**Student:** 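Quick one: the structure is below, and I'll ask about it shortly.
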Amino acid sequence: MDASATAIASGAFDVALVTLKQAIKQGAHPDLQWRLAGLYREHLAMPDQAAAAYESFAAAYPDDPRVAAIP
């Protein structure tokens, strides 16, 4: 389990947010971008940021099957 997943599991959502943003800056990774969108939506109650993150994910990875599951 990576640091962001561990932080989410322990309820340290601010730590998860910072960790995810830093990791994404270092290189595109679909799983991390997906997790960031879910963090915004499910744990931080930030629907606008979640929508933007999902939109960015769909644009970057249009063939990813998770695009069909975007709320």
Side-chain angles (χ1 to χ4, degrees):
M1 190 177 304
D2 68 47
S4 66
T6 301
I8 291 169
S10 68
F13 303 127
D14 291 340
V15 172
L17 180 62
V18 170
T19 302
L20 283 168
K21 285 185 170 187
Q22 289 174 344
I24 290 168
K25 280 183 183 179
Q26 293 185 11
H29 193 283
D31 292 339
L32 298 179
Q33 289 185 304
W34 183 258
R35 188 175 301 146
L36 177 63
L39 178 67
Y40 280 134
R41 183 174 61 87
E42 298 168 19
H43 301 290
L44 299 177
M46 301 173 86
D48 293 339
Q49 289 86 343
Y54 282 125
E55 185 177 312
S56 176
F57 178 87
Y61 308 103
D63 296 329
D64 191 298
R66 292 174 286 195
V67 169
I70 292 175

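The shown structure was predicted, so the numbers you read here are calculated from the model rather than taken from an experiment.
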**Student:** I need the minimum non-hydrogen distance between Ser10 and Ala7, along with the two atoms involved.
**Tutor:**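 Looking at all heavy atoms of both residues, the closest pair is OG-O, 3.1 Å.
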
**Student:** Measure the CZ-CD1 distance between Arg35 and Ile8 for me, rounded to the nearest 0.5 Å.
**Tutor:**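 Nearest 0.5 Å value for the CZ-CD1 distance: 6.0 Å.
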
**Student:** In this structure, are over 12 heavy atoms from other groups packed under 6.0 Å from Glu55 atom CD?
**Tutor:**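 Atom CD in Glu55 is not packed in, count stays at 12 or less.
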
**Student:** Nearest 0.5 Å please: distance from the CG atom of Asp2 over to the CG atom of Asp31.
**Tutor:**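 Going from the CG atom of Asp2 to the CG atom of Asp31 covers 9.0 Å.
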
**Student:** Please tabulate, one pair per line, all N/O donor-acceptor pairs under 3.5 Å involving side-chain atoms of residues 14-25, not counting sequence neighbours.
**Tutor:**
unit_1	atom_1	unit_2	atom_2	d
Thr19	OG1	Val15	O	2.7
Lys21	NZ	Tyr40	OH	3.4

**Student:** Under a single-linkage rule joining Ile, Leu, Val, Met, Phe, Trp and Tyr whose side-chain heavy atoms are separated by less than 4.5 Å, which residues share a cluster with Val67?
**Tutor:**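 Trp34, Tyr54, Phe57, Tyr61, Ile70, which link up through side-chain heavy atoms under 4.5 Å apart, make up the rest of the cluster.
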
**Student:** With Ala60, which residues qualify under side chain to side chain contact (heavy atoms under 4.5 Å, CB included), at least two apart?
**Tutor:**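 Checked Ala60 against side chain to side chain contact (heavy atoms under 4.5 Å, CB included); matches are Gln33.
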
